[in-house]
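Just so it is clear, the values below take in all heavy atoms, side chains as well, and ignore hydrogens, waters and symmetry mates. Residue numbers start at 1 and run along the sequence shown. For ligands, and for the atoms within them, numbers begin at 1 and follow the listed sequence. Computed from a predicted structure; not experimentally measured.
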Amino acid sequence: MDGTDGTEGTGAERAARRDAAVRAAVERGLLGPGAPLAGLLDVVGIRESAAALRAAFDAVVAPGTPVLHAFAVKAAPLVPVVRLLHALGLGAEVASPGELALARAAGVPPEHTVLDSPAKTPQELREALELGIAVNADNPQELERIDGLMRTTGSRSPLGVRVNPQVGGGSIEALSTATATSKFGVALRDEGAREWVVRAFLDRPWLTRLHTHTGSQGIPPALMAEGVAAAYALAEEINERAGRRQVDTVDIGGGLPVNFTSDETSPTYAAYARELRAAVPGLFDGRYGLVTEFGRSLLAKHGTLVARVEYAKSAGGRPVAVTHAGVQVATRTVYAPGAWPLRIAAYDAEGRPKDGPDVVQDVAGPACFAGDLLATGRALPLLRQGDYAAALDTGAYYFAHHYGYNSLARPGVYGFAPDGEGGVAFAVVRDPQPVQEIVAEAGGAHADALTSALAPRETRPARG
Ligand SMILES: *Cc1c(COP(=O)(O)O)cnc(C)c1O
């Protein structure tokens with residue numbers, strides 16, 4: 001299965017690639033006593049998911065419909081990942097100056113880039129409009145800023161407005177963007193809001209897009225489809241009142257949920273695309289271009305975070321494996337374990353899958369607080385000193401989302417793929433962070449800032 005036909009490989013194939021990669025990473029020394037933590041990315045899996053996404057929408061749109069799949073860079077902000085997805089025909093959705101810089105460094109052209117974020121500064125807006133990047137205005141004040149830029153400099157950027165269809169939330173409140181009081185977009189069901197949006201378009205012939213993103217993990221696809229249907233109905237209303245096809249593109253956001261309980265992909269892009277077409281047929285009949293913004297579902301299942309067991313101990317009768325993966329690389333899981341449980345796989349010191357009877361144990365991280373646990377009370381083959389614990393499905397929003405607690409270093413990230421001779425080839429995606437860089441980021445160049453420049457007057461060195 002090479003993924004070019006849009007079919008994703010089976011979960012068993014994925015697991016076999018992962019096992020081979022962990023073993024090879026240990027053999028190659030990418031993991032070991034001196035490198036106790038690494039992120040591994042399955043390039044075959046990423047290719048399959050990108051191809052599956054494109055095939056899913058190709059199968060439901062009218063021939064010739066322009067479709068841009070803009071990868072939500074937030075989900076895996078790594079330049080080589082964005083470049084790989086670009087090479088596979090995807091664009092980039094960015095939501096900060098940093099993400100825009102990453103997309104540009106990856107070579108994503110402006111016409112394949114979309115800027116969304118709730119707090120764009122005038123300077124960010126100006127840069128985006130100068131580059132010709134698509135921008136979705138979040139709110140009336142932002143639209144006013146864009147008005148000013150359009151008056152003075154003009155732009156060929158496709159411009160839109162983000163609307164919140166207020167269709168409700170999913171199982172994770174923090175990731176539900178279409179609740180009644182969500183901070184995102186123009187709340188469409190609020191009094192007068194719908195009419196305001198319609199007028200905003202009628203007054204601005206250059207507004208051509210509507211954007212909606214109902215949420216991320218935890219939103220059922222049917223609720224996402226409801227949000228898309230609301231944006232479509234609004235586009236139809238605007239076009240009707242404008243007497244022309246002013247809205248020519250609907251950006252339907254991302255947010256397809258990921259299955260964190262097994263190696264299977266579920267739901268699939270194909271099923272979601274079919275569900276969307278059934279719910280909103282008019283959006284697929286060729287009158288509208290489409291933009292999508294998937295993030296987690298493209299990457300999550302292709303990442304594995306592998307941590308060496310530094311010590312194996314026991315407390316209160318429960319075995320505890322103290323590993324190098326904790327809050328710094330699995331922040332959401334550690335702080336909200338109920339919402340973000342991760343599967344853990346056990347490997348021995350040579351990187352081979354461990355067998356043996358399941359033992360209920362805790363898998364802990366290296367940070368200095370008691371709650372720094374990757375998993376509690378988990379039944380696994382007993383982890384021993386020198387073994388490896390792997391946190392699965394961590395290709396999005398985990399090891400690429402470092403959190404600086406305890407000044408723990410960012411781990412190396414390596415892509416892997418078959419080497420053509422039955423083995424595994426690796427490529428560095430991100431080098432492990434050296435401690436000098438941690439010092440530099442911690443104000444190392446300003447070591448005297450508080451002792452010297454701001455010393456009490458009498459002891460301050462005289463200025464010459
Ligand atoms: C986070 C986000 C996405 C991507 O969501 P995923 O759950 O990673 O697919 C897409 N669009 C917007 C506007 C977002 O904020």
Side-chain angles (χ1 to χ4, degrees), residues 46 49-50 52-53 56-57 68-78 81-82 85 90-96 98-100 102-103 112-120 124 128 133-139 142 160-165 167 169-179 182-186 209-221 223-225 227-228 231 249-260 265-269 272-273 276 290-303 332 339-340 393-401:
I46 297 171
S49 287
L53 170 60
F57 280 80
L68 172 67
H69 296 294
F71 168 61
V73 170
K74 176 182 71 189
L78 296 164
V81 168
V82 179
L85 292 171
L90 277 58
E93 187 262 356
V94 300
S96 71
E99 288 181 2
L100 175 55
L102 294 191
H112 292 169
T113 305
V114 179
L115 173 66
D116 300 321
S117 87
K120 306 176 198 79
E124 277 178 83
I133 286 169
V135 176
N136 290 311
D138 180 85
N139 58 66
E142 187 169 298
V161 173
R162 178 168 182 169
V163 294
N164 168 11
V167 290
S171 61
I172 304 176
E173 179 67 24
L175 270 60
S176 297
T177 49
T179 57
S182 161
K183 72 175 181 180
F184 293 105
V186 177
R209 292 187 170 188
L210 280 172
H211 173 219
T212 190
H213 169 70
T214 294
S216 292
Q217 190 69 16
I219 307 287
L223 189 65
M224 291 168 44
V228 172
T249 300
V250 180
D251 180 338
I252 64 170
L256 194 68
V258 165
N259 163 29
F260 283 95
T265 299
S266 146
T268 62
Y269 288 123
Y272 178 52
L276 274 181
L290 288 178
V291 176
T292 74
E293 306 170 343
F294 295 102
R296 180 181 286 105
S297 53
L298 278 161
L299 259 298
K301 301 209 76 69
H302 311 309
R332 280 182 170 154
W340 298 102
D393 310 320
T394 48
Y397 303 102
Y398 280 93
F399 50 77
H401 289 64

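Between Phe57 and Phe294, the angle of the ring planes lies from 30° to 60°, which puts this pair in the tilted group.
Heavy-atom proximity to Arg162, at under 4.0 Å, picks out these atoms of ligand 1: 13 (C). If you number the atoms of ligand 1 from 1 as listed, the ones under 4.0 Å from a heavy atom of Arg296 come out as 6 (P), 7 (O), 8 (O), 9 (O).
For a threshold of 3.5 Å applied to N or O pairs, the pair formed by Gly295 and ligand 1 contains at least one separation below that value. Annotation: Ser297 places no N or O atom under 3.5 Å from an N or O atom of ligand 1; distance criterion only. The N/O atoms of Lys74, backbone and side chain alike, include one that comes under 3.5 Å of an N/O atom in ligand 1. At least one N or O atom of Glu293 sits closer than 3.5 Å to an N or O atom of ligand 1. For ligand 1, the polar-atom distance check against Gly255 finds a nitrogen or oxygen pair separated by under 3.5 Å.
You'll find the side chain of His401 reaches within 4.5 Å of the side chain of Pro77, heavy atoms only. Contact check for Ile219 versus Leu175: no side-chain heavy atoms found under the 4.5 Å cut-off. Side chains of Leu298 and Tyr269 form a contact here, defined as non-hydrogen atoms less than 4.5 Å apart.
Ring-centre distance between Phe184 and His213: not below the 6.0 Å cut-off.
The side chain of His213, and not its backbone, has at least one atom closer than 4.0 Å to an atom of ligand 1 (non-hydrogen atoms only; side chain from C-beta on). Residue contacts with ligand 1, taken as heavy atom pairs separated by less than 4.0 Å, involve Tyr397 solely via side-chain atoms from C-beta onward. Residue contacts with ligand 1 for Ser216 involve both N, CA, C or O and side-chain atoms from C-beta outward (heavy atoms, distance under 4.0 Å).
Scanning all heavy atoms of the two residues, the minimum distance from Pro257 to Gly218 falls at CB-N, 4.3 Å.
Under a 3.5 Å cut-off, the side chain of Asn164 and the backbone N or O of Val186 do not form any donor-acceptor pair.
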